[in-house]
Protein chains: 2
Amino acid sequence: MKHPTIHDVAARAGVSKSLVSLVMREAGNVSESSRRAVLDAARALGYRPNRAAQALVRRRSQILGVLVSDLHNPFFHDAVDGIDAAAVEHGYRALLSTGHLVTKQEAQAIDTLLELRVDGLVLASPRVTSATVAEAAQSVPTVVLGRSVRVDGVDSVHNDDRLGGGLVVDHLVERGHERIAHIHGGKGAGARPRRSGYEAAMNRHGLGEHILAVPGAFTEQGGVDGMRRLLTTKPLPTAVFVANDLSAMGALGVLDDAGITVPDDISVVGYDNLRAVEYSRISLTTVDQPRYDMGSIAVALVLERLEEGRRTDRDVVLPPTLVVRDTTAPPRRRR
Amino acid sequence: MKHPTIHDVAARAGVSKSLVSLVMREAGNVSESSRRAVLDAARALGYRPNRAAQALVRRRSQILGVLVSDLHNPFFHDAVDGIDAAAVEHGYRALLSTGHLVTKQEAQAIDTLLELRVDGLVLASPRVTSATVAEAAQSVPTVVLGRSVRVDGVDSVHNDDRLGGGLVVDHLVERGHERIAHIHGGKGAGARPRRSGYEAAMNRHGLGEHILAVPGAFTEQGGVDGMRRLLTTKPLPTAVFVANDLSAMGALGVLDDAGITVPDDISVVGYDNLRAVEYSRISLTTVDQPRYDMGSIAVALVLERLEEGRRTDRDVVLPPTLVVRDTTAPPRRRR
DNA sequence: CCGGCCCTGTGGAACGTTCCAGGCTGTCGC
DNA sequence: GCGACAGCCTGGAACGTTCCACAGGGCCGG
């Protein structure tokens, strides 16, 4: 339980602590014999460099902090894969922390990361206020993933949610739908633009009168609540665009319980293209975002500030793509 | 980008660094006026204590490291919830790292955590060798979650996979099945005992001759491969116990593609009771493990060693429970 | 009025590293 | 034979904290 230090290694190898340091970080100008002696001593003692001490003197920890707002949402898993891979590739390690969708806990998680003096911060769909984000960005390069952000000093990478919302409506209209409703994502990342994309497209198609957006959330429960609400509307919509796949799952469950068949009675579209959704009761039509790439781009953005000294803000927007599967069909002739 | 230090705060507040330290960690014996002055100065400067420096001098970081073998497997999400909650409750923070199911990456992730001098380590279904686990345990209290482990100095918490495997067979036998096959989980955590539970139960029911275990893995792909293999066997089994839910999803997909109806033609049982599985094509019969509790127990085990100085090894085994849903039915009369 | 103690506050050492300035050898060129 | 220089190695300062020993002042009791 007692950690050997560089001094212990030095003593055992019969050299100075400086030499050990030189060997450990593979600096040049060390004789082969000393190198060997040090390495042997280190192995024998089970020496492991203390990153905290290292970070203190170099002012770099080589660690990137990642805040994941909701570990349960598969959207983040691929993003984290991308983050992790990019970080490692550039000699950094990613450390995750989560706030379980609770603002205060998220803020504390960010605090912990910042106190640890991570070199950069990736906030995946954070729920915290932009003031908190701005504050973080003041001490370390920070990028927000999954939502557009207008805070000074903060970069962001996200897909074009507005466009994605439009894509969905276009597809449904093409299939012949007019009464297309939307269960929106509340304060979730990207929820607003998805909704406005929906509304704009509806208007564009001359279906403004059929616009109907009911509240939901980016969780299963959100979809359940939204769909229940929707089922009380007088002429049932013939198609529903649900804010994300997770909530679409919930919505599908409600429809099933109500004996409403998808897509015969009603068409459903989600957003995110989660893998699990392919295996759902019925394969969901959805919108895909390049999650993995978003993760690696986020890291690239952090590194640009960190290593190249960029000071201007960047907002990277990636295009979403429609994935048509089995939950969308033309509407029933008449109801 | 320059982090203010305790000295900066001291200068601004007109006191000594020691006083600032006293105030920041809420030690007693500080006058109200000094406290206020320090707090104001800290706020004005945006001071944030440096955990690395703190950790260096107290030999505690108040951080628990968590290695998650596969972020994509929902099994871990609840476990992490439990870990996080328990950690926070005891004044620690959990930091996650992942190895993406690759042994070497996992080992590196553990290394990073150890170099950071986390106070304890929770390894969730690690893929690394027990030598690596033992090594980690030598420098810090370590508990393995999700698999039983026989390494000295390491605690573990897991469900009784052997019992779970038996539960599944009992259920199927009770429904009238005899040709019950198993797609096992390879080297996955708990895969071996689940398999031996299956085999023992088969023998117990006098169905030893029908034992048929084909290789799989704890991933969707594992289930796909296993089921494809199974479909080539001469008299098709009437029921299949798949090593975990994730692979059961894959297996169900294969059956669907082959035009085989579940549960009419064949019954399927998974393991883990993932939430998504309730919403799958057809609600999966599965075995539930108390994931959240496993997480909090893991933390408790770490803390027992850390704060109470326990030195004996503990192996906590939790009971699994069968969750009967829609993928199991009596076998077809004759085929 | 003095000794002691409590209360508040201070400086310095230590934690485990890195980095800098510099110190030996030994070789080479002239 | 001597200066220069390369190659290898060293001690000490610094990083931002905590903690310890101690200091000054006020107050109390005798």
Side-chain angles (χ1 to χ4, degrees), chain A residues 1-39 41-42 45-63 111-112 114-119 139-140, chain B residues 1-39 41-42 45-63 111-112 114-119 139-140:
Chain A
M1 293 290 171
K2 199 70 262 326
H3 298 277
T5 77
I6 208 174
H7 288 104
D8 301 326
V9 177
R12 182 177 240 263
V15 299
S16 73
K17 64 172 188 14
S18 304
L19 218 213
V20 176
S21 173
L22 252 16
V23 172
M24 293 318 289
R25 60 203 148 89
E26 322 207 309
N29 284 1
V30 174
S31 71
E32 194 44 36
S33 61
S34 312
R35 143 177 254 87
R36 180 128 293 155
V38 169
L39 256 19
L45 293 173
Y47 170 74
R48 218 184 288 270
N50 183 330
R51 279 202 182 230
Q54 283 182 336
L56 198 54
V57 35
R58 334 197 210 181
R59 348 296 290 298
R60 282 291 175 89
S61 60
Q62 298 297 115
I63 290 182
D111 260 350
T112 303
L114 252 21
E115 289 171 5
L116 257 185
R117 296 294 188 267
V118 295
D119 291 340
S139 58
V140 107
Chain B
M1 292 291 170
K2 199 71 261 327
H3 299 277
T5 76
I6 208 173
H7 289 103
D8 302 326
V9 176
R12 181 177 241 263
V15 299
S16 72
K17 64 173 189 11
S18 305
L19 219 213
V20 176
S21 173
L22 252 16
V23 172
M24 294 318 289
R25 61 203 148 89
E26 323 206 310
N29 285 0
V30 174
S31 71
E32 195 43 37
S33 60
S34 315
R35 144 178 254 88
R36 180 128 292 153
V38 169
L39 256 19
L45 293 173
Y47 170 73
R48 217 184 287 272
N50 183 329
R51 276 200 187 234
Q54 282 181 338
L56 198 55
V57 34
R58 335 196 208 179
R59 349 294 294 296
R60 281 292 175 89
S61 60
Q62 298 297 118
I63 289 182
D111 260 350
T112 302
L114 253 20
E115 288 172 6
L116 257 184
R117 297 294 188 267
V118 294
D119 290 340
S139 58
V140 108

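Naming convention: chains lettered A, B, ... in sequence-line order (proteins, then strands); numbering from 1 in each chain.
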Smallest separation among heavy atoms of B:S139 and A:R48, with atom names: OG-NH2, 4.4 Å
Enclosure of B:R60 CZ (heavy-atom neighbours >12, cutoff 6.0 Å): yes
Minimum heavy-atom distance A:G46-A:P4, with the two atoms named: O-CG, 3.8 Å
Atom pair distance, as rounded to whole Å: CD in A:E115 and C1' in D:dT17: 13 Å
Distance test, side-chain N/O of B:S21 to OP1/OP2 of D:dT18, below 4.0 Å: yes
Protein-nucleotide distance (B:R25, atom CZ; D:dC19, atom C1'), rounded to Å: 7 Å
Any A:S18 side-chain nitrogen or oxygen under 4.0 Å from OP1 or OP2 of D:dC9: no
A:H3 vs A:D8 side-chain heavy atoms within contact, under 4.5 Å: no
Rounded distance (Å) that lies between atom C1' of C:dT18 and atom CD of A:Q62: 14 Å
Any A:R58 side-chain N or O less than 4.0 Å from OP1/OP2 of C:dC19: no
Where B:V118 and B:S61 come nearest, the two heavy atoms and their spacing: CA-OG, 3.6 Å
Quick one: which protein N/O atoms are closer than 3.5 Å to N/O atoms of nucleotides 13-16 of chain D? Pair and distance per line, please.
unit_1, atom_1, unit_2, atom_2, d
D:dC15, O3', A:R59, NH2, 3.0
D:dG16, OP1, A:R59, NH2, 2.6

Smallest separation among heavy atoms of B:Q54 and B:P49, with atom names: NE2-CB, 3.8 Å
Distance in Å, A:N50 CG paired with B:L114 CG, rounded so as to fall on 0.5 Å steps: 11.0 Å
Expected rows: protein N/O vs nucleotides 5-9 of chain C N/O, under 3.5 Å:
unit_1, atom_1, unit_2, atom_2, d
C:dG9, OP1, B:S31, OG, 3.1
C:dG9, OP1, B:S34, OG, 2.5
C:dG9, OP2, B:S31, N, 3.0
C:dG9, OP2, B:S31, OG, 3.3
C:dG9, OP2, B:S34, OG, 3.1

Value rounded to 0.5 Å, distance of CG in A:L45 from CD1 in A:I6: 12.5 Å
Shortest non-hydrogen contact between B:Q62 and B:D119, atoms and distance: N-OD2, 2.6 Å
Which atoms of nucleotides 21-25 of chain D (N or O only) lie under 3.5 Å from a protein N or O atom, and what are those distances?
none

Smallest separation among heavy atoms of B:V23 and B:R35, with atom names: CG2-CA, 4.1 Å
Heavy atoms from other residues, nucleotides or ligands near CD of B:E26 exceed 12 (cutoff 6.0 Å): no
